[in-house]
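See structure below.
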Amino acid sequence: AEQRARLALARGNPEQALELAANCRELLESNALTGTPYAAKERLTTARILLALGRADDAAAAATACRELNERLGATGG
């Protein structure tokens with residue numbers, strides 16, 4: 001689902017991409033996968049979509065959530 005959101009964004013349809021990202025997040029939540037790398041990837045994709053929609057504050061919040069989750073998962077910057 002996250003890949004579909006990225007594809008919609010790449011095709012220039014951020015509104016559809018945001019809907020697909022929301023669907024992905026719901027899937028992650030319903031399957032208890034919110035603390036996984038998949039969730040971090042969804043948050044990063046959502047941040048990019050929100051930025052494309054001109055929603056910089058929301059994008060920053062999503063990017064921060066992604067960073068915090070990655071830190072909890074033990075990811076290191078490179």
Side-chain angles (χ1 to χ4, degrees):
E2 183 269 337
Q3 291 177 350
R4 289 185 187 128
R6 285 190 290 139
L7 185 57
L9 182 61
R11 289 182 173 161
N13 194 341
E15 294 84 6
Q16 180 187 26
L18 187 59
E19 182 179 324
L20 290 166
N23 291 344
C24 177
R25 186 177 182 105
E26 289 174 14
L27 267 170
L28 291 166
E29 289 173 354
S30 68
N31 289 293
L33 296 172
T34 55
T36 66
Y38 301 110
K41 197 171 187 181
E42 176 273 322
R43 292 280 69 205
L44 181 58
T45 297
T46 297
R48 290 175 174 155
I49 293 165
L50 291 167
L51 195 58
L53 289 167
R55 295 171 52 184
D57 289 342
D58 294 332
T64 298
C66 174
R67 179 182 49 83
E68 290 171 351
L69 179 53
N70 277 320
E71 287 173 353
R72 284 194 305 272
L73 293 169
T76 58

Ignoring hydrogens, what is the shortest heavy-atom contact between Ala5 and Ala17? Give both atom names and the distance.
O-CB, 3.3 Å
Rounding to 0.5 Å, atoms CG (Asn23) and CD (Glu42) come to a distance of 10.5 Å
In short, Ala1 meets Cys24 closest at the heavy-atom pair CB-CB, 3.7 Å
In the hydrophobic cluster built from side-chain contacts under 4.5 Å, what are the other members alongside Leu50?
Leu9, Leu18, Ile49, Leu53
Compare every heavy atom of Ala40 with every heavy atom of Cys66, then report the nearest pair and how far apart it is.
SG-O, 3.3 Å
Taken to the nearest 0.5 Å, the spacing of Asn13 CG from Leu20 CG works out to 8.5 Å
Over 12 foreign heavy atoms within 6.0 Å of CG, Asp57:
no
Would you check if Thr46 and Arg25 make a side-chain contact, meaning some heavy-atom pair closer than 4.5 Å?
no
Who are the side chain to side chain donor-acceptor pair (under 3.5 Å) partners of Arg6, not counting sequence neighbours?
Glu2
Residue set satisfying side chain to side chain donor-acceptor pair (under 3.5 Å) with Arg67, at least two apart, ordered chain then number -> Glu71
Tested for side chain to side chain contact (heavy atoms under 4.5 Å, CB included) against Leu7, the lone hit among Arg11, Arg4, Gln3 is Arg11
With rounding to the nearest 0.5 Å, note down the distance linking CZ in Arg43 to CG in Leu28.
10.0 Å
